[in-house]
Structure formats: structure tokens, C-alpha cells
Amino acid sequence: MEYKTLGKSGLKVSIIGFGGIPIQKTNEEEVKNLLIRCEEKGINFIDTARGYTVSEEYIGYAMEGRRKKWIIATKSMARDKESMIKDVEKSLANLRTDYIDLYQLHNVKTKEDYDKVLSEDGAYNALLEMKEKGKIGHIGITSHSLDILNIAIETGKFESIMYPYNLVENQGEKLFNRAKELDIGVIAMKPMAGGALTDGKLALKYILQNSNVTTAIPGMATFEEIEENSKVGENISTLTEDERNKIIEISRELGTEFCRRCGYCGPCPKGIDIPGILILKAYKEKYGLKDWAEQRYFSIKSRAKDCVECGSCEKKCPYDLPIRKMLKKVRTCFDE
Ligand code: SF4
Ligand code: SF4
């Protein structure tokens, strides 16, 4: 396994990390076995979140006695100081540790959201306080918005960013370039494009061609996935011509109904978070996370059923996606 330094955090992370979403559908013993196999393969970076139901708890159980072998990243959607302090304490308890290497502000979506987390009583100051107390080591931010991360990286407040990156979603390349210049670590999320990509080896190989990416974090819930993914991280070889052609073919195939989460279609007059809603369908259908996806979907105020088919989003989508038709499929998927 190859390793890279996660920006100015100085953390030496494996270029293939362990994404903690799919383990929700397993159990703590299984997670323990999976993590032991990861260790044997040299994977040392794990990313989870307060929002991934039992993920932190399973990881905490699995890591007992072997905590030092891992660099743990987690994140919280808390936006104010008090809630963030509570969430860090909860993560520490769930993960059965007294120290979390990287704590991230999770999915900061809008400028309003961003201003809130960075206000005096915001979540960022809670993380600073926890860092001073030695409960967390470093602070990162995750988002699906290029605008937010472009602002965030210039502030000097973050040691890492996390943003979607895969062979059909490469709109983050300029951002990654700038992050590298500023010595900020880049964590590539959604390496399989939310389950749309099935050739895991090719998907990861594509990501690792970009030297500005520090690590990619595919979700792994089976030994086969660990074997296949870790192998890619053992040696970053150049894409062959065949592989390049395959990438072009995959992009073409996915092109007609695949949301790249660029966000250009917003704002929707009915308040629908179009990319956020579309990805939940993928989580339900392609990752087998039925309960989790349903729970998240039905907790959203404006959903697919609220679409009045005004069509304004479709005019703005650079990929000409039939968003209205896609939202109807979301309704069917969630039986709404
Ligand atoms: S078509 Fe539906 S989702 Fe698109 S902007 Fe109009 S109401 Fe929103
Ligand atoms: S629907 Fe189109 S514009 Fe909206 S996020 Fe997806 S790809 Fe971007």
C-alpha cells in the first residue's frame, strides 16, 4: 500500500481509505474481521460520520485494542457550538477512544450554513476547543458544493477537504489543485459515483492518477472489496489505452440520467435539494441501505413529491438531465 501526507495535518494515510457507510448493513463482529483484513493490506485510514447510524459504534467495537493502527476521521452535521461539542463527545464514546485524528464539518451546503458554522457560536469554534483539549487532532470540512470549498480552503482554517471525485464527476479538479498549493489534504468521496460505477478497480485507478488527491475512500463491506480496492493502492500505474476508452464509454452510458452533484440546477422554487434526493435513491437501490436511505429521505422536508414540474432546474443542468422524470423515479423508489 502506498501512503501520502494529508496536507498540513501531517497524517500519513493510505491512498485507499475505508469508507464507513456500507458497514451499517453488517454487524460489529463482521466489521472487526473486515478491519483486521484492511490492516493486513496496509489500509490505515477510516472515515465515518455521526450520521451513519451504527457505523461509529461498530468501528469502536472493532478497533478495541488496535486503535493505534488507525487514523480515524469522523464528522458531524452539527452547526452550532453546543451541538458540536456534544457530537464530538458522542463520537469519542462510540469509537471507544479518547482521541479522534480528524473531525470534519459534515456536508456544509450553503453560504448561510457555512457562515453559521464559522460564527462565534458555531460548530467550528467547538472543534477548535476540542482540539485545544486534545480530544481531536485536526479539522476538516466536507461538502458537495465547489463554491463552499473554494471559500473554505482560502481561510487557512481547514487541514483537509472532502469532495466527490470519480471518473464521471471530475468538476473538483481545479479545487484540488488549489488545495494542494495550500497544503490542504484532499479526500475523494463517492469514488464509485454513489454505486453507479461497477468496475471498482478502474474507478479507483482513475482517481489515483490525480496527484492532488491524498486518499480515496470507497465503502467496503466485503473481503472481496478489500482485496480488489487495496490492490489498486499498492502501485499507482498509468491508465492504459484500453482503460481510457472504457472510461469514455462508461461516461457516455451514464450520461443520460446520472447526476454529477454539481448543484447548478438550484435553487428549486419548492426547496428541493435535487442532487441530495437523487443520491438517496442510489443508496437504497445500489448499496442495499434501504432503512437508512428511507429514514434520511423521509426526514427531508421538500421531497420528490413536492416537485411542481416547473422545469427551471432542467434549463440550468449542464448535463441536460431529465430531472422531472428522474424525480418521478425517486417517488416510485420510495413508494411516495
Ligand atoms: S421541476 Fe421540480 S425540482 Fe425542478 S425546479 Fe421545478 S419544482 Fe424544482
Ligand atoms: S441535476 Fe444536473 S445540475 Fe443538478 S446537480 Fe445533478 S448534474 Fe448538476
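Just follow the structure's listing: the first ligand is 1, and inside any ligand the first atom is 1.
A donor-acceptor contact closer than 3.5 angstrom is absent between the side chains of Tyr3 and Asn44. When only modelled atom types and interatomic distance are considered, Glu56 and Ser91 share a side-chain donor-acceptor pair under 3.5 Å.
In terms of protein heavy-atom proximity, atom 4 (Fe) of ligand 1 is nearest to Cys313 SG, 2.3 Å. Looking from atom 6 (Fe) of ligand 1 to the surrounding protein, the closest heavy atom is Cys310 SG, 2.3 Å. Counting only heavy atoms of the protein, atom 8 (Fe) of ligand 1 lies nearest to Cys268 SG, 2.4 Å. Nearest protein heavy-atom contact of atom 7 (S) of ligand 1 is Val308 N, 3.5 Å. At the top of the distance list for atom 2 (Fe) of ligand 1, counting protein heavy atoms only, stands Cys307 SG, 2.4 Å.
A 4.5 Å side-chain heavy-atom check between Lys69 and Met63 finds every atom pair outside the cut-off.
Short contacts between ligand 2 and Gly263, defined as distances under 4.0 Å to a heavy atom of the residue, involve ligand atoms 5 (S), 8 (Fe). Proximity to Ser312 (heavy-atom distance under 4.0 Å) selects the following atoms of ligand 1: 5 (S). Residue contact check: Gly311 has heavy atoms under 4.0 Å from atoms 1 (S), 6 (Fe) of ligand 1. Of all atoms in ligand 1, numbered sequentially from 1 with element shown, those under 4.0 Å from a heavy atom of Pro269 are 5 (S). Applying the 4.0 Å criterion to heavy atoms of Ile323 picks out, from ligand 2, the atoms 1 (S).
With a heavy-atom cut-off of 4.0 Å, Glu314 does not touch ligand 1 at all. With a 4.0 Å cut-off on non-hydrogen atoms, Leu327 touches ligand 1 through its side chain and not its backbone.
Residue Cys317 does not count as close to atom 6 (Fe) of ligand 2, with no N, O or S atom under 2.8 Å.
Listed for the Gln104 side chain is a donor-acceptor partner under 3.5 Å among the backbone atoms of Thr74. Using a distance-only test at 3.5 Å, with no hydrogens or angles considered, no donor-acceptor pair links the side chain of Glu57 to the main chain of Val54.
Going from atom CG of Leu202 over to atom CD of Glu243 covers 5.5 Å, rounded to the nearest 0.5 Å. A distance of 11.5 Å separates CE of Met84 from NZ of Lys75, quoted to the nearest 0.5 Å.
Cluster membership check: Ile148 does not share its hydrophobic cluster with Met162, using side-chain heavy-atom separations under 4.5 Å among Ile, Leu, Val, Met, Phe, Trp and Tyr.
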Next item on the list: For Asp121 and Glu82, run side chain to side chain contact (heavy atoms under 4.5 Å, CB included): C-alpha distance rounded to whole Å, both residues' side-chain angles, the deciding distance at 0.1 Å, then the answer.
Entry: CA-CA 8 Å; Asp121 291 332; Glu82 206 186 317; over 6 Å; no
